[in-house]
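Reminder, nothing fancy here: chain letters follow the sequence lines and each chain counts from 1. Any value given below was found using the heavy atoms of this structure, including those in side chains, with hydrogens, waters and symmetry copies removed. These numbers come from a predicted model, not from an experiment.
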Amino acid sequence: MNQEKIVTRFPPSPTGYLHIGGARTALFNWLFTRQKGGKFVLRIEDTDKARSSDETTKAIIESMEWLGLDWDEGPYFQSQRYDIHNVFIERLLSTGQAYHCHCSPDELERGRKAAMAKGLKPKYDGKCRDLGLGPAPGSVVRLKTPKTGITQFNDLVKGRIRFDNEELDDLILRRSDGSPTYHMAVVADDISLGITYVIRGDDHVNNTPRQILIYKALGEPIPQYAHVPMILAPDKTRLSKRHGAVSVLAYRDMGYLPHALLNSLARLGWSYGDQEKFTKEELIEKFSLKNVGKSAGVFNADKLLDLNAWYIRNSSDEFLARELIPFLQQFGLKGLEQQKIKEAVATLKPRSKTLLDMAEGALFYFQEEITYDKKADDKFLKSDILGLLEDIRDRLEKASEFNQAALEKIFVAFLEDNEIKLKKVAQPLRVALTGKTASPGIFEVMEILGRKKVVERLAKVITHIRSKA
RNA sequence: GUCCCCAUCGUCUAGUCCGGUCCAGGACACUGGCCUUUCACGCCGGCAACACCGGUUCGAAUCCGGUUGGGGACGCCA
């Protein structure tokens, strides 16, 4: 009977690129909202001007777009909403729920240290709380937090969480420079944007009672909270740059498919029985906050890689060919034919874990000149197979057709005449054509390469072997 | 230090709410084999966990208490 429209938000602060932890929070918000037919709002929390930048804001938006996490409203910029925040602060002041505090930062710092030394929680002592002071240069506005009682909420993933109000102190709502603090800005924005569900990282659990107290002081309805566990690095500490690839865009550049990342992020902390792979539609349909686990999880890069390989294997040649182009260009390839790429992709699909892999593996198809792998050269390009290579070159030169079926027939005759097994020439041939010891099947390789290139490469390898002798 | 949260294979997890069907299932990784012109794909198999201690109970991964361990929060950062 809940007729109220669900409104969620994702509020990254543009002090860094969107990392996979943030992306997962965004994903959970998005899945929840799309399932319920709600509204998803993007809000950039750029109040820390010193650490925010346009560049990171762009990177965050680019990341969201790449992942396909679309929003219905925004992006709002918190720094442009100070007027709204101030209305709420004034309201609190006028109802006596907040007060001006004249304590200096030094004084507060001393108090915190003293409390820590005594083994207590560092809290503001409430010195100015009942002094009835007015605004003054350097003064701040604080919330009058209840000294007794408890503040609790029913977290949608963690269950009931409660705090004694005496653990909380009178938090600052407005800084001495007049700007609102994080807690105030978040609450003011969430109220004014009509946010009904706050789904965020569980590093915010401790912030929640403080924010609830602001809602209460304001007499505004409190949203539902869901705190999702954090993502940890393999060493079980908070994920950071020193753990390698953490930004969403880094995964894009390494050749991951957005859906593979999404799928992998969804399964980190959330599950649906034994199912591992989900389409976007299934994710939306099956996601639920109560199936989100309560404990932090380590990001499993191997599993993501495996998923990526699976999605590559199961994507259409058309799609992959399109996605592959930028990677091929990265290797300096130009004037690529869509059709050729498609053919190459088809042969590389089962052996590529990323698009970057695939591009690398496809180079020999497009390059004019290939180079031989040193080890492959030493091991397989020896003079004892010269005769066989010349023989097959002649036969291929004269072939009336140059497709797989025709090639296989030519080889059957070739092998019979020479009384050998394919094994004997397969590797030397592979090295001659691709430069490497591992590649797609030689018949498919030959067909895609075409007669001209195949014969050229055979001629080249023959001279090469001769020159070594 | 204080407060909050968490605890099943190396990792992600199912099972925990409503104790028995779980000497614990799946996935990744690792590993043995099959397939095979290479590398992969695929297929078959293996290794591997209920943190610990007490309690409740005929019976506990599942309920209760404690211990230990981990994470988070304690800013005029967000």
message = Quick check on RNA chain B: between Pro105(A) and Asn300(A), whose nearest nucleotide comes earlier from the 5' end?
response = Asn300(A)
task = Using heavy atoms to find the nearest nucleotide of RNA chain B for Gly441(A) and Asn207(A) separately, return the residue whose nucleotide is more 5′.
result =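 Going by which nucleotide is closer to the 5' end, it is Gly441(A).
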If I pick the [atom1] atom on [M] and the same atom on [N], what distance separates them, to the nearest angstrom?
N: G32(B); M: C39(B); atom1: P; answer: 14 Å
N: C64(B); M: C6(B); atom1: P; answer: 12 Å
N: G70(B); M: C63(B); atom1: C1'; answer: 24 Å
N: U56(B); M: C12(B); atom1: P; answer: 34 Å
N: U68(B); M: C52(B); atom1: C1'; answer: 7 Å
N: C28(B); M: G66(B); atom1: P; answer: 40 Å
N: U31(B); M: G15(B); atom1: C1'; answer: 27 Å
N: C41(B); M: A27(B); atom1: P; answer: 15 Å

What is the pairing partner of [N], taking Watson-Crick or G-U wobble pairs with both distances under 3.5 Å in any strand?
N: C43(B); value: G33(B)
N: A14(B); value: none
N: U2(B); value: A73(B)
N: U38(B); value: none
N: U21(B); value: none

message = Less than 6.0 angstrom separating the ring centers of Phe32(A) and Phe287(A), yes or no?
response = no
message = Can you confirm whether or not the ring centre of Phe443(A) sits under 6.0 Å from the ring centre of Phe411(A)?
response = yes
ask   = Could one point to a donor on the side chain of Asp274(A) or the base of G25(B) with an acceptor on the other under 3.5 Å away?
value =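 Check passes, donor-acceptor contact within cut-off.
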task = Answer yes or no: side-chain N or O of Arg267(A) and base N or O of U13(B) forming a donor-acceptor pair under 3.5 Å.
result =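 Not at all, since no donor on one side and acceptor on the other fall under 3.5 Å apart.
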When all nucleic acid strands are considered with a 4.0 Å heavy-atom cut-off, which category describes [X]: base, sugar-phosphate, or nothing?
X: Glu276(A); result: base
X: Ser352(A); result: nothing
X: Ser439(A); result: base
X: Cys101(A); result: nothing
X: Leu422(A); result: base
X: Arg51(A); result: base
X: Tyr182(A); result: base
X: Thr437(A); result: base
X: Gly201(A); result: nothing
X: Gly138(A); result: base
X: Pro209(A); result: nothing
X: Asp164(A); result: nothing
X: Val140(A); result: base
X: Tyr272(A); result: nothing

message = Show the nearest heavy-atom pair for residues Leu449(A) and Val454(A), with the distance to one decimal.
response =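 That would be CB-CG2, 3.9 Å.
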Treating [X] as the side-chain partner and [Y] as the backbone partner, does any N or O pair qualify as donor plus acceptor under 3.5 Å?
X: Lys144(A); Y: Ala217(A); result: no
X: Arg129(A); Y: Thr145(A); result: yes
X: Asn263(A); Y: Phe278(A); result: yes
X: His102(A); Y: Gly134(A); result: yes

Determine: side-chain N/O of [X] to OP1/OP2 of [N], distance under 4.0 Å, yes or no.
X: Arg238(A); N: A73(B); result: yes
X: Arg175(A); N: C77(B); result: yes
X: Arg210(A); N: A73(B); result: no
X: Thr47(A); N: A78(B); result: yes
X: Lys236(A); N: U11(B); result: yes

Nearest-Å distance for atom pair [atom1]/[atom2], residues [X] and [N]:
X: Glu444(A); N: A40(B); atom1: CD; atom2: P; value: 16 Å
X: Asp177(A); N: C77(B); atom1: CG; atom2: P; value: 8 Å
X: Lys303(A); N: A27(B); atom1: NZ; atom2: P; value: 9 Å
X: His85(A); N: A78(B); atom1: NE2; atom2: C1'; value: 13 Å
X: Glu360(A); N: C39(B); atom1: CD; atom2: C1'; value: 14 Å

Which nucleotide sits closest to the side chain of [X]: [options]?
X: Arg313(A); options: A78(B), U37(B), G42(B); result: G42(B)
X: Lys423(A); options: U38(B), C76(B), C5(B); result: U38(B)
X: Arg351(A); options: C12(B), A14(B), U38(B); result: U38(B)
X: Thr237(A); options: C5(B), G71(B), C3(B); result: G71(B)
X: His183(A); options: A78(B), C5(B), U13(B); result: A78(B)
X: Asp203(A); options: U37(B), A73(B), A14(B); result: A73(B)
X: Asn206(A); options: U37(B), A73(B), C41(B); result: A73(B)

task = Assess whether atom NZ of Lys460(A) is packed by more than 12 heavy atoms of other residues, nucleotides or ligands within 6.0 Å.
result =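 Check passes, neighbour count above 12.
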request  = Would you sort out whether Arg430(A) and Lys436(A) count as a side-chain contact (heavy atoms from CB on, under 4.5 Å), showing the intermediate values?
outcome  = CA-CA 7 Å; Arg430(A) 187 183 314 282; Lys436(A) 292 174 291 196; over 6 Å; no
ask   = Can the positive tip of Lys453(A) be found less than 6.0 Å from the middle of the six-membered ring of Phe364(A), inside 45° of the ring normal?
value = no
